[in-house]
Q: 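Could you have a look at this structure, given as structure tokens, before my questions?
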2 protein chains.
Amino acid sequence: MSALQRRTPKAEARAESQRERILDAAQKCFIEQGFQGAGMALIAETAGISTGLTYRYFDSKSAIMLAIIARELEGKRARIEELCGGDDFLAAVLEKFRAWQAGSADVMNAALFLEMSAEASRSPEILEAIRKSDALVLGEFEGWLRRDRSAGGLGMPAGDASRRALLMQCLIEGLVVRAARDPDLDADAVGRALAPVFEQLGFTTPGTTRP
Amino acid sequence: MSALQRRTPKAEARAESQRERILDAAQKCFIEQGFQGAGMALIAETAGISTGLTYRYFDSKSAIMLAIIARELEGKRARIEELCGGDDFLAAVLEKFRAWQAGSADVMNAALFLEMSAEASRSPEILEAIRKSDALVLGEFEGWLRRDRSAGGLGMPAGDASRRALLMQCLIEGLVVRAARDPDLDADAVGRALAPVFEQLGFTTPGTTRP
DNA sequence: AAATAATGAATGAACGTTCATTCTACACGG
DNA sequence: CCGTGTAGAATGAACGTTCATTCATTATTT
């Protein structure tokens, strides 16, 4: 991102930590004010540094945006395994839903997710980054569905797996939207709405969750 | 919206058409540049009027945003009936999906939808408007599911109807996200992913859509 | 002539970005 | 162990734009 070349590894490590500090601040600002609404001055102030210093670590505001998006996509990809890992998939999804509603810091932020998605229709660069990441997530999910039950998967035939992975992608993205548009919606009600579908698709064995 | 009082009905009619002309232009700009990215100068130019004149019809840019959101919500509510009306619900949904992908003018725009949803987490006013509208849409949908088959409904028991309406709301919102994030995704593939769920929930009688 | 509609230049604030300057930490000759 | 040189880190004021908004002025309608 930054054109600067660091000499010593120690300096490079510090530079990296500075970059992360800026990204943390930028993410907070972008969530609170939107991509275009947050100014460089606010980002710098939030990071506890001067405005000018920001440009030592990033070439432009747009570079920060792209870095935030890349980081968010990577985080989402990393966290998809948490969903597949557990033994109660529905419960795991509902837990995420509650976190999205609360705007919890350790989850992909719903507003940021929505703004990224909207921005994809304006910037081909962002669209491509999102598309690649989504394809990876979808593939990982599909892999989980196909993998043998003995290997922690669900042992579905290939066709079913790909169809259901796509369906689940839509459903989860829909839940993010819902969390943003109705932060007080009862998560249990969502659970009751999802349960029959999850059962039919084989994600949840009937009785795992209370009826 | 505007503080101005019109004297004659004729003048009022013209003022109304001017307001709509401004809203049309603003909507186009907001879609192309985002809420914060589009400036008043661009909006006025797109509407074919001067910058200053805009303020005769709207108090502020934020007032235009709110009007656009209100209008979008109203349009969405009006179009929900198209979905319920037809005899092939799945096909109707897929048609909408294709329109979202293409950014067709006669449908709620996906990017605008996403930006509105993101903005809801920042403005209580927008959140409330969205919540109220969503509740209406959900209620209408639920009503369709509960209504007797003889009256064009699906004749579901109350509990089922409310659960399935919520599920469908999530699913459809998820499809909007997907359309924005993958404008080239094959709509038929989406159809194959949705079909089994729609069948199970009773939205589509098996065989209505090609297998 | 009176009232309304429309203009577009003016306004001050805020924007992203740059840059001359200062600060800080560490290397090295003494 | 001490100045002292030096390079990188950090500053914050300044730059040119652009922003939303206002207003004195002109055009159009009634």
Side-chain angles (χ1 to χ4, degrees), chain A residues 1-27 29-30 32-68 119 122-123, chain B residues 1-27 29-30 32-69 119 122-123 125:
Chain A
M1 309 295 158
S2 177
L4 238 73
Q5 295 286 350
R6 307 296 154 177
R7 332 260 152 214
T8 74
K10 186 180 160 192
E12 178 53 48
R14 175 174 162 74
E16 192 49 48
S17 94
Q18 286 281 68
R19 268 193 282 267
E20 271 184 39
R21 173 201 263 276
I22 293 172
L23 287 184
D24 287 342
Q27 176 152 350
C29 296
F30 287 154
E32 282 167 5
Q33 320 258 356
F35 276 134
Q36 325 208 50
M40 291 297 276
L42 178 65
I43 293 175
E45 189 196 334
T46 305
I49 62 176
S50 65
T51 325
L53 188 55
T54 314
Y55 285 86
R56 177 173 291 272
Y57 300 101
F58 291 94
D59 287 339
S60 64
K61 181 183 177 181
S62 146
I64 297 184
M65 270 185 49
L66 289 173
I68 289 281
E119 211 65 32
R122 287 172 211 128
S123 153
Chain B
M1 312 288 161
S2 177
L4 237 73
Q5 293 288 350
R6 310 291 157 181
R7 333 257 150 217
T8 74
K10 186 179 161 192
E12 179 52 46
R14 176 176 158 72
E16 192 49 47
S17 93
Q18 286 280 67
R19 267 193 283 268
E20 271 185 38
R21 173 201 262 278
I22 292 172
L23 287 184
D24 287 342
Q27 177 152 349
C29 297
F30 287 155
E32 282 168 5
Q33 320 256 358
F35 277 132
Q36 326 210 45
M40 292 297 277
L42 178 65
I43 293 174
E45 189 197 335
T46 305
I49 62 176
S50 64
T51 324
L53 189 55
T54 315
Y55 284 87
R56 177 171 291 272
Y57 299 102
F58 290 95
D59 286 339
S60 65
K61 182 183 176 182
S62 149
I64 297 183
M65 272 185 47
L66 290 173
I68 290 282
I69 289 176
E119 211 65 34
R122 288 173 210 126
S123 152
E125 193 176 4

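Remember, predicted model here, so these are calculated numbers, not experimental data. Proteins get letters first, then strands, A, B, ... in listed order; numbering begins at 1 in each.
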Q: By the 4.0 Å heavy-atom rule, please label B/G52 as base, sugar-phosphate, or nothing.
A: base
Q: Nearest to the B/R56 side chain among D/dA9, C/dA5, C/dT17, which nucleotide is it?
A: C/dA5
Q: Between C1' on C/dA5 and CZ on B/R19, what's the gap in Å once rounded to a whole number?
A: 14 Å
Q: Does B/E125, at its CD atom, have more than 12 non-hydrogen atoms belonging to other residues, nucleotides or ligands within less than 6.0 Å?
A: no
Q: Given C/dA5, C/dT7, D/dT21, which nucleotide is nearest the side-chain atoms of B/Y57?
A: C/dA5
Q: Do you know which two heavy atoms are closest between B/Y55 and B/S60, and how far apart they sit?
A: CE2-CA, 4.0 Å
Q: What is the nucleic acid contact for B/A44, judged by heavy atoms within less than 4.0 Å: base, sugar-phosphate only, or nothing?
A: nothing
Q: Can you tell me how far P of C/dT17 sits from CE of A/M65, to the nearest Å?
A: 12 Å
Q: In whole angstrom, give the distance that lies between atom CD of A/E45 and atom P of D/dT11.
A: 12 Å
Q: Looking at D/dT11, C/dG8, D/dT22, which one has an atom nearest to any side-chain atom of A/S50?
A: D/dT11
Q: Salt-bridged, B/E12 to B/R19, with N to O below 4.0 Å?
A: yes
Q: Could you tell me the separation between the CE atom of B/M40 and the C1' atom of D/dT17, rounded to a whole number of Å?
A: 19 Å
Q: With a 4.0 Å cut-off on heavy atoms, is B/T54 in touch with a base, just the backbone sugar-phosphate, or nothing at all?
A: nothing
Q: Closest approach to the side chain of A/Y55, judged atom by atom: which nucleotide of C/dA5, D/dT21, C/dT18 is it?
A: C/dT18
Q: Can you check the A/I49 CD1 to D/dT11 C1' distance for me, whole Å?
A: 11 Å
Q: Separation of B/Q33 atom CD from D/dT18 atom C1', in whole Å?
A: 13 Å
Q: Taking all non-hydrogen atoms of both residues, which atom of B/T54 and which atom of B/M40 are closest, and how far apart?
A: CG2-CE, 3.7 Å
Q: Main chain of A/E119, side chain of A/S123: is a donor-acceptor contact present, judged purely on distance under 3.5 Å?
A: no
Q: If I take atom CD in residue B/E12 and atom C1' in nucleotide C/dA5, what distance separates them, rounded to the nearest angstrom?
A: 14 Å
Q: Relative to the 5' end of DNA chain D, which residue comes earlier, B/K61 or B/L53, by the nucleotide with the nearest heavy atom?
A: B/K61
